[in-house]
Number of protein chains: 2
Amino acid sequence: MANFPHPGKPVRGSESGNPIMALFDLLGRRWAMGVLWQLCSGGPCTFRELQNRCESISPAVLNSRLSELRAARLVERGGDGYQPTELGEQIIAAIHPLKALSEQWSKDLNSAED
Amino acid sequence: MANFPHPGKPVRGSESGNPIMALFDLLGRRWAMGVLWQLCSGGPCTFRELQNRCESISPAVLNSRLSELRAARLVERGGDGYQPTELGEQIIAAIHPLKALSEQWSKDLNSAED
DNA sequence: CTCTTTGCTATTAAATTAATAGCAAAGAGT
DNA sequence: ACTCTTTGCTATTAATTTAATAGCAAAGAG
């Protein structure tokens, strides 16, 4: 089964496994947040549909991320395919304000660069 | 100068550079969220102090992350060393609820695994 | 002038991610 | 039953990132 950064065990940023650092270690892998985000905003879907939503993820990487997210219980499989668990949804909900901030960021960068 | 995922240009998850995907691409690099988090929660500090706070980051990686975060204007250098910009702080503030959720996550995992 | 601290760079190695092909299982349609 | 799709992957090889370690030049302290 997938190996993922486990709270309570040594992870990047915390030898003692501080949960927030473990979560950063998990979500700070390529595509991790994007995959979870797509599952939350687009609803449950198949592996291939998720691949499409992500526009350019390779099946090997998608498979790794899904295995990890499932092992970490942020994603599960239901009748309609892959879907976020309740905690997975809460995490994305918590992160949701980033959407508006990212747009602010984009504007700031543009005006600062001309 | 550092090359970072730029909103408006192709990034992981969005060929058209959707800002939220660009931000995920930036923050989804090893140590990126941890570094920003430490700067926000511990206050401005030197390169070496930041290295200590992160417990095990190598100078090469810290240097990369700092260069990217600075290029992206989420971190800057002031009289007291490295510090988050206003937007950097807002991003961490937005993410802050993850702390409580990560603790919940930790508990859930423990009870589910025994 | 020496000793520290700071902010890195260089080098080499290990791990992660990507790109591409393709296959076995399950279901749909005929 | 047979063919055609769709689905959920795995295998392989290559490219990119990250890590580990050493060390050095610049700035300040004494």
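Per chain, numbering begins at 1; letters A, B, ... match sequence-line order.
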Do the side-chain N or O atoms of [X] get closer than 4.0 angstrom to the phosphate oxygens (OP1, OP2) of [N]?
X        : N       : answer
Arg77(B) : dG7(C)  : yes
Trp31(B) : dT17(D) : no
Arg29(A) : dT17(D) : no

[X] side-chain proximity, nearest of [options]:
X        : options                   : value
Phe47(B) : dC8(C), dA19(D), dA19(C)  : dC8(C)
Asn63(A) : dA11(D), dG7(C), dC9(D)   : dC9(D)
Pro59(B) : dG7(C), dT21(D), dT17(C)  : dT21(D)
Ser58(B) : dT18(D), dA11(D), dT21(D) : dT21(D)

Exercise for review: Indicate yes or no: does Glu103(B) engage Lys107(B) in a salt bridge with an N to O separation below 4.0 Å.
Suggested key: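 A salt bridge is absent here (no side-chain N lies under 4.0 Å from a carboxylate O).
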
Practice item. Give one of base, sugar-phosphate or nothing for Thr46(A), where a contact means two heavy atoms less than 4.0 Å apart. Key: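 Answer is sugar-phosphate: Thr46(A) comes under 4.0 Å of backbone atoms only.
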
Practice item. Look at all strands and tell whether Arg30(B) reaches a base, only sugar-phosphate, or nothing, counting heavy atoms closer than 4.0 Å. Key: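 Sugar-phosphate contact only.
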
Review point. Mapping Leu66(A) and Arg65(B) onto DNA chain D by nearest heavy atom, which one lands closer to the 5' end?
Key: Leu66(A)

Review point. Angle class for the Phe24(A)/Trp37(B) ring planes (parallel below 30°, perpendicular above 60°, tilted otherwise)?
Key: perpendicular

Check your understanding: Is there a Watson-Crick or G-U wobble partner for dG30(D) with both distances under 3.5 Å, and which nucleotide is it?
Key ->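 Here dG30(D) is engaged in a pair, and the nucleotide opposite it is dC1(C).
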
